[in-house]
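Read the structure below first, then the notes.
The residues of the chain are indexed from 1 along the displayed sequence. For clarity, every value in this text was computed on a predicted model and none was experimentally measured. Order of listing sets the numbers, starting from 1, for every ligand and every atom in it.
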Amino acid sequence: MIFLDSAATTPVRREVLEAMWPLLTGDFGNPSSHHELGESAKRALDGARTSVAAAIGCRASDVIFTSGGTESDNLAIKGLALAEPRGRHIVTSAIEHEAVLESVDYLKRIHGFEVTVLPVNSEGVVDLEKARAALRPDTTLCTIMYANNEVGVVQPIAAIAELCREHAIPMHTDAVQAAGWLPLGLAMLGVDALSLSGHKLGAPKGIGVLIVKGRRSLEPVLHGGGQERGKRSGTENVAGAVGFAHALALAESDRVERAERTARLRDDFVVDVMTRVPDAIFTGPALDSDGGADTNVMRQTASGASASASASAPERLPNNASFCFPGTSGESLLLELGRAGIICSAGSACAVGSDESSHVLIALGLGEAIAQTAVRFSLSGDTTAEQLATVAAEIETAYRAVRSLSG
Ligand code: PLP
């Protein structure tokens with residue numbers, strides 16, 4: 001099997017499982033319990049929080065453990081918007097994940113918020129001038145994703161955050177796909193809130209993180225026992241939090257080298273696919289004109305203060321290669337590739353049983369028919385050149401087979 005669907009999920013890393021194991025067995029206490037077992041669990045949770053804060057460059061008290069990216073996005077958007085007294089207007093983009101778009105829609109339907117959805121250009125990038133024009137005195141929140149799950153486009157987050165800061169508007173970014181590939185430093189990004197998900201990083205499903213800078217107030221979404229400083233009630237997933245912290249630290253430890261190596265492999269793969277199937281459309285940001293990935297954006301560190309790298313969009317996630325194959329269907333190609341032992345995705349795997357065209361590709365200006373022919377390949381740090389050469393050859397075979405069937 002060749003697994004090229006890392007944007008959908010990743011396996012749990014052995015080191016992560018080993019770090020979690022004691023918290024699931026002997027050291028299984030509830031961190032709210034006032035006995036040795038509870039206090040031990042609380043120490044483990046505090047340690048995980050400190051470790052995540054170090055990786056992000058924030059205070060430990062800014063870290064809220066959640067059940068995953070979806071909950072982090074929901075809590076950030078509903079929590080910040082409902083706690084902010086200045087108005088009822090939200091700015092977002094047309095290519096956000098459903099967890100963001102549906103949370104924004106909830107605020108619109110139930111709480112009467114007005115929403116400005118920023119369009120993107122043909123590479124998927126939000127226009128800064130349009131963002132500037134959208135911000136109003138009554139804007140309560142701007143939420144723009146760091147990197148897109150379908151076409152890998154990296155938004156100029158630092159520049160958008162700067163616009164928001166000028167108007168004292170809270171800014172949230174969904175960094176679920178960026179984690180492990182792009183720098184997450186809060187100071188460099190300049191945002192107030194940032195969502196992460198464990199299972200994209202080598203931690204298990206069911207654990208996530210929301211960072212919210214301390215000075216921002218947050219209305220809880222889950223009410224109950226007041227855990228996570230009252231911001232997210234529910235007995236903490238201690239083992240998950242420890243696993244998340246380990247996975248993030250591991251991902252950060254070799255991020256720059258891994259991202260550069262993966263981007264080079266991805267670039268060669270894209271050239272190979274486009275040579276074999278000249279009619280294919282490479283969706284999202286073009287590769288750099290020198291043929292290599294621009295790695296400036298990957299090189300920032302958690303403490304890095306420079307905003308300029310993010311302003312030089314469009315960048316692309318180093319592990320994303322997404323195409324449309326006109327005259328086919330993404331689902332048929334997926335089946336053919338699956339027969340050859342290749343696991344990838346038709347668009348994104350994040351919406352259950354949806355056969356609608358991707359709202360992301362439509363926003364990039366591709367028609368409904370072309371959008372139905374999308375296939376996304378998302379590499380991991382373990383993907384090899386040999387695997388990608390096999391996949392490129394199988395794509396050509398699958399393309400010819402599906403084309404000949406569809407006449
Ligand atoms: N945001 C983005 C950009 C994603 O790609 C995903 C999942 O694919 C999510 C949010 C949701 O994360 P989770 O699966 O942890 O709920």
Side-chain angles (χ1 to χ4, degrees), residues 3-12 16 52 64-79 92-106 120 124-126 143-155 157 172-182 184 189 191 193-211 221-222 232 234 237 240-241 243-244 247-248 251 283-284 315-322 343-354 358-361 363-364 374 376-380:
F3 183 76
L4 291 184
D5 204 12
S6 298
T9 198
T10 61
V12 176
V16 169
V52 171
I64 304 167
F65 286 109
T66 68
S67 66
T70 298
E71 187 189 329
S72 295
D73 285 343
N74 272 260
L75 178 56
I77 293 165
K78 297 173 189 173
T92 188
S93 89
I95 64 166
E96 299 298 309
H97 188 270
E98 285 79 359
V100 167
L101 293 176
E102 293 297 321
S103 296
V104 168
D105 187 57
Y106 162 84
V120 293
V125 185
V126 167
T143 173
I144 306 284
M145 74 200 315
Y146 191 176
N148 180 263
N149 44 308
E150 293 187 40
V151 296
V153 59
V154 178
Q155 300 294 1
I157 292 301
H172 162 251
T173 192
D174 174 338
V176 165
Q177 292 291 339
W181 296 107
L182 303 176
L184 295 177
L189 291 170
V191 297
L194 179 140
S195 299
L196 300 168
S197 170
H199 74 103
K200 314 285 183 181
L201 270 177
K205 294 161 190 63
I207 183 74
V209 158
L210 173 65
I211 308 289
V221 169
L222 294 182
R232 196 274 185 183
N237 176 356
F244 185 101
L248 184 60
T283 52
E315 299 284 348
R316 188 175 185 116
L317 275 177
N319 69 329
N320 172 288
S322 51
I343 313 275
C344 54
S345 145
S348 92
C350 306
V352 182
S354 161
S358 144
H359 67 282
V360 174
L361 297 176
L364 265 62
R376 175 190 71 186
F377 302 90
S378 43
L379 287 57
S380 77

Problem - Under-4.0 Å heavy-atom contact with ligand 1, by part of Thr70 that carries it - result: both
Of all the atoms in ligand 1, which lie at a distance below 4.0 Å from a heavy atom belonging to [X]?
| X | answer |
| --- | --- |
| Ser197 | 13 (P), 15 (O) |
| Met145 | 3 (C) |
| Asn149 | 3 (C), 5 (O) |
| Gly68 | 15 (O) |
| His199 | 13 (P), 14 (O), 15 (O) |
| Asp73 | 1 (N), 10 (C) |

Practice task
Report the member of Asn148, Thr9, Leu196, Asp174 with the shortest heavy-atom distance to atom 10 (C) of ligand 1.
Solution key: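 Selected option, by shortest heavy-atom distance: Asp174.
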For residues [X] and [Y], determine if any side-chain heavy atom of one lies less than 4.5 Å from a side-chain heavy atom of the other.
| X | Y | answer |
| --- | --- | --- |
| Leu182 | Pro318 | yes |
| Ile157 | Val191 | yes |
| Ser195 | Leu210 | yes |

Fill in the blank from the handout: d(Gln177 CD, Asn149 CG) to nearest 0.5 Å is 5.0 Å
Exercise for the section: Could you tell me the separation between the SG atom of Cys344 and the CG atom of Leu379, rounded to the nearest 0.5 Å? Expected result: 11.5 Å
Exercise for the section: Check for a donor-acceptor pair, side chain of Thr10 on one end and backbone N or O of Gly202 on the other, with a separation under 3.5 Å. Expected result: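 Judged by distance alone, yes, a pair lies under 3.5 Å.
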Practice task
Please indicate whether any nitrogen or oxygen in Gly69 is less than 3.5 Å from any nitrogen or oxygen in ligand 1.
Solution key: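 Yes, at least one N or O pair falls under 3.5 Å.
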Handout entry: Whether Lys205 lies under 4.0 Å from ligand 1, heavy atom
Key =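 Lys205: no contact with ligand 1 (<4.0 Å).
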Exercise for the section: Could you give me the CA-CA distance, side-chain angles and deciding distance for Arg232 and Ser67, then say whether side-chain contact (heavy atoms from CB on, under 4.5 Å) is met? Expected result: CA-CA 10 Å; Arg232 196 274 185 183; Ser67 66; 3.8 Å; yes
